[in-house]
Amino acid sequence: MIPAAIVFLYLAVVVYIGVFAFRKARGKEEVEDYFLASRSLGPFVFLMSLFGTNMTAFAILGSSGHAFNNGIVTYGLMASSSGLVIPLTIFFIGTRVWALGKRFGFITPVQLFRTAGSARTSDRHLRRPGRAAAALRDHRRDGRRDDAERGVGRPRPLLDGRRRGGAGGDELRLLRRDARDGLGEHLPDRALPALRLRRGDRDRLGHGRLPRRGGGPARLAQRLPAHPRKSPALLLLQLHVHPPLGHRLPPHHDLLPHGAAHGPVRQDRDLLPGAASWPSGCPACSWA
Amino acid sequence: VRRALLVLAVVALYVLHQDFWLWRTARPLVFGFVPIGLFYHACYSVAASLLMWLLVREAWPVHIEEEAERGARPRPPTE
């Protein structure tokens, strides 16, 4: 009887906490509040959460069995090693991940990696989180019009329109604007617009024959020219699977050549089959 | 110099964890009941804590923190 009472008492406390939290959080319907308590948890809760995360069945049952069989070495294998590795990981990696999460509103680590992939940050940027932060910040800033409205940062063209690759200019190479973010690689012109247009943008631009995102990697691969640096498979993976940042970008940034000529060029028409005309106005410059 | 010393301390602590000298050694018993191998790692844990305290005190990445605070997304107004 007493064990059952204790169990029900525990359940009642849990339900009370749930109801209490629900009432207190009423009106806050953001997913950030639900999953991360609006990023309000302090170090104590963080450490307790970390401790609870590590107290798995292996820690409780497995280590006991290991210690029974092997003796005192279990402490050295599990506890003292964790005492060095986990804090060092938090110190060197956790602080960087925290900064990126705070800055860009990441909730899960997957969002971080997806965004890093879509920003074409290579592994060297992941090894240098400061540069990755700069790259991600610039992308986010450039791509969000609401940021510009708030005055956080003016949208700037991500790419310039320098003609590269021959006197004829048959191929318009798009060069990333900011060399500081380390993304100054040449990108194939055909790859970017197709993936950076949102559905609404396609309609507004008056064309509908761009490959859909779900159109299949093979179909998309046919449109991708050979990349000068990366293998087609890697490029396809980056472009096809990780386009979230690109979807926040105004389409003009990738399509319009900012530089010598503001206006439609033959190559750009080729990029957008069916496009009868360009939309008027460019959010990135004074061209109208 | 300070950073080099901290790096050296981290490496030294890592090397000290490669405990092949007292790994399975139980005796002598420290304080009459703690096996020496276990006592070694208990001291190691304390040393790791001190090292982390030192790292946080001397080498905490303040610039990352400041940058994140400066560029954090504006929060939506709460009730």
Side-chain angles (χ1 to χ4, degrees), chain A residues 24-30 32-33 38-40 43 67 70-106 128-130 132-134 136-138 140-141 144 146-147 149-153, chain B residues 6-7 9-27 29-30 33-79:
Chain A
K24 189 173 182 181
R26 182 174 291 175
K28 299 179 182 177
E29 296 179 352
E30 296 87 7
E32 197 174 54
D33 182 69
S38 295
R39 304 180 191 273
S40 62
N70 299 282
I72 60 174
V73 299
T74 304
Y75 182 83
L77 276 175
M78 294 186 59
S80 69
S81 59
S82 302
L84 180 68
V85 171
I86 293 179
L88 280 181
T89 306
I90 294 174
F91 185 82
F92 287 112
I93 300 177
T95 48
R96 272 77 175 175
V97 171
W98 169 85
L100 291 173
K102 187 176 183 64
R103 186 150 209 166
F104 302 114
F106 297 144
R128 300 187 61 180
L136 294 172
R137 180 191 62 225
D138 289 347
R140 174 65 66 92
R141 179 192 297 162
R144 295 183 59 170
D146 52 344
D147 277 359
E149 292 170 359
R150 287 197 302 266
V152 174
Chain B
L6 289 174
V7 171
V10 171
V11 173
L13 217 59
Y14 176 79
V15 171
L16 285 177
H17 194 271
Q18 315 307 310
D19 171 27
F20 54 83
W21 41 90
L22 292 174
W23 189 240
R24 291 185 180 276
T25 307
R27 297 181 185 280
L29 300 177
V30 181
F33 68 97
V34 181
I36 184 68
L38 189 61
F39 183 74
Y40 175 85
H41 279 281
C43 294
Y44 180 89
S45 301
V46 174
S49 304
L50 290 176
L51 174 67
M52 289 313 303
W53 175 78
L54 206 61
L55 280 176
V56 170
R57 181 186 168 90
E58 300 294 332
W60 184 255
V62 180
H63 60 287
I64 293 177
E65 207 169 33
E66 290 175 347
E67 192 178 354
E69 296 283 355
R70 204 167 46 239
R73 287 190 323 165
R75 289 172 180 263
T78 55
E79 58 180 355

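Between A:Phe92 and B:Pro61 the shortest side-chain heavy-atom distance does not fall below 4.5 Å. Residues A:Ser81 and B:His41 form no side-chain contact, since every pair of their non-hydrogen atoms from C-beta on lies 4.5 Å or further apart. In this structure, A:Asn70 and B:Arg24 have side chains that are in contact, with non-hydrogen atoms separated by less than 4.5 Å. By the 4.5 Å heavy-atom criterion applied to side chains, A:Arg96 and B:Ile64 are counted as neighbours. A 4.5 Å side-chain heavy-atom check between A:Phe91 and B:Val10 finds every atom pair outside the cut-off.
Considering every non-hydrogen atom in both A:Ile72 and B:Gly37, the closest pair reads CD1-CA, 3.8 Å. Closest non-hydrogen pair, A:Tyr75 versus B:Leu38, comes out as CB-CD1, 3.5 Å.
Side-chain atoms of B:Tyr40 and A:Ser80 form no donor-acceptor pair, as typed in the model, at a separation below 3.5 Å.
Proximity to chain B involves both the backbone and the side chain of A:Leu88, based on heavy atoms less than 4.5 angstrom apart. Both the backbone and the side chain of B:Ala59 have a heavy atom closer than 4.5 Å to some heavy atom of chain A. Heavy-atom distances place no part of A:Ile86 under 4.5 Å from chain B, backbone and side chain included. With a 4.5 Å cut-off on non-hydrogen atoms, B:Ser49 does not touch chain A at all.
Residues of residues 13-20 of chain B having a heavy atom under 4.5 Å from any heavy atom of chain A, listed by number: B:Leu13, B:Tyr14, B:His17.
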